[in-house]
Amino acid sequence: MDDELHERIRSVIADVPAGTVATYGDIAALSGAPSPRLVGRVLAEDGHDLPWQRILRANGTPAPHLAHEQLERLRGEGVLADGQRVDLRKYRWRPDGVAEEDGPDGLF
DNA sequence: GATATGACTGTTT
DNA sequence: GAAACAGCCATAT
């Protein structure tokens with residue numbers, strides 16, 4: 001039932017190391033959630049014990065109502081955000097064993 | 001059971 | 001870069 005999925009989502013979020021961030025889509029994909037909405041819903045309802053500050057939207061911007069606090073918390077972890085946007089290219093969490101590929105322009 | 005809502009994403013215009 | 005549209009799932013009323 002979704003209880004297991006609920007736990008799985010929490011587990012993946014808790015597995016995100018400090019100093020890094022992940023998108024809702026990432027959490028959804030890694031936890032097996034059918035849609036990122038589930039991730040947001042879990043956090044909204046039962047994410048008080050999780051590092052929700054490390055979960056950002058696809059474009060690197062945090063949730064609108066928590067943006068201020070979220071950015072402040074991330075700042076304390078070493079994740080510096082430019083105004084309201086975080087450099088996913090640099091801080092985005094990658095599961096172990098996955099190598100990164102640079103873009104065609106040799107972009108970082 | 002239908003409608004509306006929400007810590008979302010991706011494509012298209 | 002912004003706005004519109006469609007998909008996606010669980011709750012609340």
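Chain A is the first sequence line, chain B the second, and so forth, proteins listed ahead of strands; every chain is numbered from 1. FYI, side chains are in, hydrogens and waters are out, and symmetry mates aren't considered; it's all heavy atoms of this structure.
Rounded to an integer number of Å, the gap from CG of A:Leu38 to C1' of B:dT5 is 14 Å. Between A:Ile9 atom CD1 and C:dC8 atom C1' there is a gap of 13 Å when expressed in whole angstrom units. Distance, A:His68 NE2 to B:dA7 P: 18 Å, rounded to whole Å. Going from atom CG of A:Asn59 over to atom C1' of C:dG1 covers 12 Å, rounded to whole Å. Rounded to whole angstrom, the span from the CD atom of A:Glu45 across to the P atom of C:dT11 amounts to 7 Å. Across the protein-nucleic acid pair, A:Leu88 atom CG and B:dG10 atom C1' stand 15 Å apart, rounded to whole Å. Whole-Å rounding puts the A:Tyr24 OH to C:dA10 P distance at 18 Å. Here the C1' atom of nucleotide B:dA7 and the CG atom of A:Leu71 are 14 Å apart, to the nearest Å.
At a threshold of 4.0 Å, the pair A:Glu77-A:Arg73 does not count as salt-bridged, since none of the basic side-chain nitrogens sits closer than that to a carboxylate oxygen.
For A:Arg85, the listed nucleotide lying nearest its side chain is C:dG1; candidates were B:dT9, C:dA10, C:dG1. Which of C:dT11, C:dC8, B:dA7 sits closest to the side chain of A:Leu43 comes down to B:dA7. Of the candidate nucleotides C:dC9, B:dT9, C:dG1, B:dT9 has the atom lying nearest to any side-chain atom of A:Ala58. Ranking B:dA7, C:dG1, B:dT9 by closeness to the A:Ala63 side chain, first place goes to B:dA7. Nearest to the side-chain atoms of A:Ser35 among the listed nucleotides C:dC8, B:dT9, C:dA10 stands C:dC8.
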Any chance you could lay out the side chain to side chain contact (heavy atoms under 4.5 Å, CB included) test for A:Tyr24 and A:Leu43, step after step, and finish with the verdict? CA-CA 10 Å; A:Tyr24 291 90; A:Leu43 283 174; 3.9 Å; yes
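A:Thr20 has its side chain out of reach of A:Arg92: every pair of non-hydrogen atoms, C-beta onward, lies at least 4.5 Å apart.
Straight-line distance between the P atoms of C:dA6 and B:dA7: roughly 22 Å, to the nearest whole Å.
Here A:Arg57 does not reach the OP1 or OP2 of B:dA7: none of its side-chain N or O atoms lies under 4.0 Å away.
Among A:Ile55, A:Thr23, A:Leu30, the single residue meeting the side chain to side chain contact (heavy atoms under 4.5 Å, CB included) criterion with A:Trp93 is A:Leu30.
Formation of a donor-acceptor pair under 3.5 Å by the A:Arg85 side chain with backbone atoms of A:Asn59 is found in this model.
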